[in-house]
Amino acid sequence: ILQFYCSLTAGQLTRCIRCPVAYHANDYCIPAGSVALTDSNIVCPNHFTPRKGCRNHEHVNVSWCFVCSEGGSLLCCESCPAAFHRECLNIDMPEGSWYCNDCRAGKKPHYKEVVWVKVGRYRWWPAEVSNPKDIPENILRMRHDVGEFPVLFFGSNDYLWTYQARVFPYMEGDANSKEKMGKGVDSTYKKALEEAAVRFKELQAEKELRQLQEDRLNDKKPPPYKHIKVNKPIGKVLIISADLSEIPRCNCKAMDENPCGMDSECINRMLLYECHPQVCPAGERCQNQCFTKRQFCQVEIFRTLSRGWGLRCVHDIKKGGFVNEYVGEVIDEEECRARIKHAQENNIGNFYMLTLDKDRIIDAGPKGNEARFMNHSCQPNCETQKWTVNGDTRVGLFALTDIPAGTELTFNYNLECLGNGKTVCKCGASNCSGFLGVRPKNNPPSDDKGRKLKKKSQMKRKSQQEVIKEREDECFSCGDGGQVVSCKRPGCPKVYHADCLNLTKRPAGRWECPWHQCDLCGQEAASFCEMCPSSYCVEHRDGMLFISKLDGRLSCSEHDPCGPEPLEPGICVKTEVYFGLKSAIN
């Protein structure tokens, strides 16, 4: 019996009667799409069987890599929409079927999760996975099978029954992602993105509170380690101590307002040298002795949602403020490699190693202080700085920006941290690189000058696109990019994959796309579906096109999720709430 994705160690289990999997009997653990038979028996979503001819049962993958967000030749998971470049995963091309790590581990969508959903020709749309117990009765009566679950679309309040192969998890920062936004974003979609971002934060807060309650109930504590205040050399490693005559002297004076402070012109501080109390002219008033005096910020260790234990500040920290020193056992490269090898052989996944200089590494695993609990972020609020203190190099953590109390403290591991290898990054930042040790995506400049330049260049590019760009980037039939053929009719921007039009080779000459001919008789089309190449002439257009309730566009019934037959499979029904009762609107 396997138990998936839960931090609880005890509790009643419910088991699938068709395969050896089990989950805790609650809505947080049981995967969406499960069919409850009794209090202890279910049929899990692994036994979903797609119906032939049902468009909403077709498996669809995204057209970009989940790691780098770029297109190209992708390795597609056969169980969910995930897609990756083989190079981004650093793996050889697999033979036969391939499944992503989450699917191999048994991860499934859960109720009260925000996800991206693919419906017909529409773009990926944000929605919340709903529990069948909480949906209107007419939605529950719609035909659905084992493995299907209802989702409530943001922005339109429509419902749809779907399954795992057409959804993937929403992550923090997705609302600003170009891959999700696409082109031609309308007001309904913008509203959906805003609602999804707000709801995602609400659900994250609920999940965090629930996790904290479970931790307190189970009295969970961080893994044991020995707390030390200064670096401890191991083996042949030496801690350097300079003579007083070798320590640089600054030009600050004891009468200065803030001698050697952050806003001063202390030459030692500028060069990342800590002043020595017996050398600095400011004497006891010197404010550049944070390492020696251990003037650390007050912090606390806490449990994060998906990244283990973390560290957060108890009070506000100003930009440039000294947060803490990264201390541990100081080892050489030989000992470092031995420890990494031992960790790999014993399936130890957490590393706390950080390079001090070319010959020495700090290992805060067995011994260290609170700084060892700081997590990585591609958009951190702290940074490491190597200071010279009494002749030796020490690593300090400093605030990159003003940090409010209660905020998690993070820094970018960059390529200095050893032992992580190709580990998936879960920081959730908008510029996340996808893996630890991989440089994050470039952020726009934060200064006023940078913003003005960016805005000006964007406006210039936009005006150029309006004049020069004549073709769309995605296939009008399937919505994905790649190798496409373009319509040669003047003014038509449509492009298509040859396969989507059942073409065996690229058309030659003055080729016109099927959007300009009636689907029924082949004559000149007069009315067009705005979601696919379907079109009709004056004689055949009556009753063939409808106004989509999702975004108000003209749409044919083939893929309109709010079409004229609301109880057919794959159709959405909009609902509103009056006095606590949900009534369907046809």
- Note on the structure: Contacts of Glu524 meeting salt bridge (charged side-chain N to carboxylate O under 4.0 Å, His left out) (sequence neighbours excluded), chain-then-number -> Arg489
- Atom SG in Cys80, atom NZ in Lys108: separation rounded to 0.5 Å? 9.5 Å
- Message: Can you list everything that forms a ring-ring contact (aromatic ring centres under 6.0 Å, His included) with Phe200? Sequence neighbours excluded, please.
- Response: Tyr170
- Message: Could you work out, with ring-ring contact (aromatic ring centres under 6.0 Å, His included) as the rule, every residue matching His57, not counting sequence neighbours?
- Response: Phe48, Tyr163
- Message: Going by the rule side-chain hydrogen bond (donor to acceptor under 3.5 Å, both in side chains), which residues pair with Ser527 if we only count those two or more places apart in sequence or in a different chain?
- Response: Arg541
- Residues which pass ring-ring contact (aromatic ring centres under 6.0 Å, His included) with Tyr536, listed by chain and number, not counting sequence neighbours: none
- Report the residues that fulfil side-chain hydrogen bond (donor to acceptor under 3.5 Å, both in side chains) with Glu128, sequence neighbours left out, ordered by chain and then residue number. Arg199
- Sequence neighbours left out, what passes salt bridge (charged side-chain N to carboxylate O under 4.0 Å, His left out) with Glu113? Give chain and number order. none
- Task: Go through the structure and list residues passing salt bridge (charged side-chain N to carboxylate O under 4.0 Å, His left out) with Glu539, not counting sequence neighbours.
- Result: none
- Pairing residues for Lys133 by the salt bridge (charged side-chain N to carboxylate O under 4.0 Å, His left out) criterion, not counting sequence neighbours: Asp27
- Item | Any residue meeting side-chain hydrogen bond (donor to acceptor under 3.5 Å, both in side chains) with Asp519, in chain and number order, not counting sequence neighbours | Ser534
- Note on the structure: Across all chains, not counting sequence neighbours, the side chain to side chain contact (heavy atoms under 4.5 Å, CB included) partners of Pro81 are Val62, Trp124, Phe168
- Using 30° and 60° as the class limits, which term best fits the ring planes of Trp515 and Phe528: parallel, tilted or perpendicular? tilted
- Query: Residues two or more places apart in sequence or in another chain: which of them pass side-chain hydrogen bond (donor to acceptor under 3.5 Å, both in side chains) with Glu206?
  - Reply: Lys112
